[in-house]
Amino acid sequence: MRNKSYVQAHSQTPWRRQMQMIGFFAAAVAALALLAGLYLNVTARASTIGRHVQSLQNERIRLQQQIENMESQLASLTSNEAMQARATQLGFAPVQPGAVTYLTVEGYRGRPNLQLAPRAGGQFIGVPRLPEAYTESLLDWVGKLFDEYGFGLLGGY
Amino acid sequence: MPREHMWRYLVMAAFFAIFGSLILYKTFSIQNSPQAEVFLRQGEFYSREHDVIQPPRGIIYDRNGNILAGNRTVYEIGADLASVRDPHAIALALSALVGADYNTVLERASIPASASSVYVVLANYVLPEKVNLLKSYDVTREAEPMDSTRCSNDPALFALRCEAQLARSYPERDLASNLLGFVNRESLGYFGVEQQYQNLLAGQPENIWIPVAPTRVQERPEVPAGASLVLTIDREIQAMVEDTLDAHITQTGAESGTVIVMDPKTGELLAMASTPRMDLNEFQNYGDIYTNEVPYNRAIGEIYEPGSIFKVITAAAALDQGVVTPETEYEDRGVYTIGGITIRNWNNRAWGLQTVQGCMQHSLNVCLAWMGEKLGQEKFYEYVDRFGFGHTTGVDMAGEQSGTVKRPGDPNWYLADLGANTFGQGIAVTPIQMVMAVSAFVNDGQMVIPHIVKAVIQDGSQYNVAPQFAGQPISAETARTMTDMLATSLEGESSLALVAGYRLAGKTGTAQIPVPTGYEENQTNTSFIGWGPVEDPRFIVFVWLERPETSTWASEVASPLFADIVERLVVLQGIPPNFQNIGTVSNSGQGSQQ
């Protein structure tokens, strides 16, 4: 009889049940907030890195243009006309045929052919690629984990 | 909770339930409405930006790695219309600092911003020096950094954007301009190598979509640059040839000139020059320089009646067929009638008993017409064809002409044409055809195809171009006989084409210039084709001076040009002298070669 009245007294306390519901709700909200915060943090970092990647790509294009430009400038500075003018300024003059002394060197076959790149069929230089970790989102990463550990089957594969 | 207040909670709960349900319903209905696809497309469109990755155009090098055509940075200046504050200030700044037209800029910068008018181009192909002026326009403020797309530090010019891009650059300016061609502002190659290898040099532009959201940033695809070319041209030889040609044009008062220097064994063109030339960085002047249908490159694009240098073809054919030998004798009476026309020698003189060697040495038209008739029209034109006349050589430059050869059976061919053709009149050829034909004399009868590209560099690999041959019109023995006969001819004539220390073979050509009513009086085309050293030929040199004024004879104007070029060429190529010839030639008398 005493036992029964104790159980009834506990179950009939309304504020306990309300507190319990509020507790569960608050825990759910906290969990959601934590997830949202985590997602926001990862997304913000991904955005920052993404922008950085974009700016690096633009920088690379700019540098490539700069290299091309500087090569052309160098070619202008060492053009035939410029070099001739410089040589004349330094007191040189074109050699006259009678003034040339030829020296025969055994085995010398003259200037070799210009080689600006390996011959076709030679060494292949692979193009470096950006790792996926730099571009995938949190959801992409979680999805990949699920796929990796077979949970993808639950998704209807 | 008091029961009397319960209805309030129920009403609120019902309100939120109905409101939420309506939102869900609307969301669901929008997603499944007929307009949903349009919304999705719009969303997709605004989530990314279109861009075209234009690969840098391939570089063109000479055979020693000197850049003949590269790329330089130029700027496109445009305005973000929504940010334009003062169109007058923009127009004033661009006209004063960049040289743009004030009214055009004002008109464009005054366009009101709208959904269809966001950005407008105000000036293009602006050099970096001028953009630097804009970037530091306001001296009271710090200059904009070069990597910023903003053009100016002045608040009135904040709407201006300077986008860097690559444009073609020719560091050697007009050097080798006739063979290089040029690239216009739409990146299209015109003439020469630039047109011939347009697709290879330009590469493949790629269209890409760039996500706007930074979280979805993707790697830009690697678009390979256009292939680079290594030409067979030697910059130093090319410059020497152009300088020498220009000097002789001035000396002789010639209307134009053309020179080709080729390695006879490989077909590699070491130099190719003709007039006029132009600074390729200012290709917009093309129309002012090349007026009245002047060919861009006479060496491949202009046909002319070659005159006596064509006699080498007739003589080679006759020797190859065994119709004559160098010792065969012919009584030259000064006239020869064929097909109803009378052929005379260049000096209208009868030269008496001559060997074939003598006929070539004195360049006797009468003798060659006799030789051609003895050979027969069928065989003569068969050899003309085998030597490649009437066809393009296949040289890898845009704009090659095939020449004009009338053959038996053609409605406008007469027997008289055979007589004229034997000494190079009534037949039109290009200089490059003559060079290819003569290469047979150097390569044991095999003709090498001239080419300008030595190697292609693509995707990090170099592909070297191998020599190609265009058949064997004559035997090796005939080739050697011809070379020896022509070398002896030059020596016997004390030709002005001779160079001390080197044994050379060659032939002059003085040709009348055809006009609709016949041939011009007192105007000639003078040319010379020669090769050497005879023991181990390293070069074929062809020269042509059109309508020289100081003399109408090739032996007096074309031969000295040939000699001047060869004299410098052997130094640049490092060819030591090994032949004791007569060395200097007296200028007192004209040689009897035309």
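Chain A is the first sequence line, chain B the second, and so forth, proteins listed ahead of strands; every chain is numbered from 1. What you are looking at is a predicted structure, and each value in this text was computed from that prediction instead of being measured.
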Legend entry - More than 12 heavy atoms from other groups under 6.0 Å of CD on B:Gln165: yes

Legend entry - Side chain, backbone, both or neither of B:Ile210 within contact of chain A (heavy atoms, under 4.5 Å): side chain

Inset, instruction - Let me know if B:Arg173 has heavy atoms under 4.5 Å from chain A in its side chain, its backbone, both or neither. - result: side chain

Legend entry - Residue selection (most heavy-atom pairs with chain A, distance under 4.5 Å) from B:Leu166, B:Val456, B:Val230: B:Leu166

Inset, instruction - Take B:Lys454 and A:Leu114, measure what side chain to side chain contact (heavy atoms under 4.5 Å, CB included) needs, and give me the verdict at the end. - result: CA-CA 9 Å; B:Lys454 191 172 172 65; A:Leu114 183 69; 6.0 Å; no

Inset, instruction - Heavy atoms only, distances under 4.5 angstrom: which of B:Pro211, B:Gly70, B:Pro576 has the most pairs with chain A? Name it, please. - result: B:Pro576

Inset, instruction - Could you look at B:Ala164 and say if it's the side chain, the backbone, both or neither that has a heavy atom under 4.5 Å from chain A? - result: both

Inset, instruction - Could you tell me whether the side chain of B:Glu172 and the main chain of A:Asn80 form a donor-acceptor pair under 3.5 Å? - result: yes

Legend entry - Exam field: side chain A:Gln65 to backbone B:Thr73, donor-acceptor pair closer than 3.5 Å: no

Legend entry - A:Ser72 side chain vs B:Asn71 backbone, donor-acceptor pair below 3.5 Å: yes

Legend entry - Which atoms of B:Asp62 approach chain A - backbone, side chain, both or neither, heavy atom under 4.5 Å: backbone

Legend entry - CH2/B:Trp209: more than 12 non-hydrogen atoms of other groups inside 6.0 Å: yes

Legend entry - salt_bridge(B:Glu222, A:Arg60) N-O dist < 4.0 Å: yes

Inset, instruction - Kindly indicate, with the supporting measurements, whether the criterion side chain to side chain donor-acceptor pair (under 3.5 Å) is fulfilled by A:Arg111 and B:Asn64. - result: CA-CA 9 Å; A:Arg111 189 187 284 190; B:Asn64 298 319; 2.6 Å; yes

Legend entry - Atom group of B:Ile59 that falls short of 4.5 Å from chain A, counting heavy atoms: side chain

Inset, instruction - Using a cut-off of under 4.5 Å on heavy-atom pairs, state which of B:Gln458, B:Arg568, B:Arg72 scores highest against chain A. - result: B:Arg72

Inset, instruction - Name the region of B:Tyr61, side chain, backbone, both or neither, that has any atom closer than 4.5 Å to a heavy atom of chain A. - result: side chain

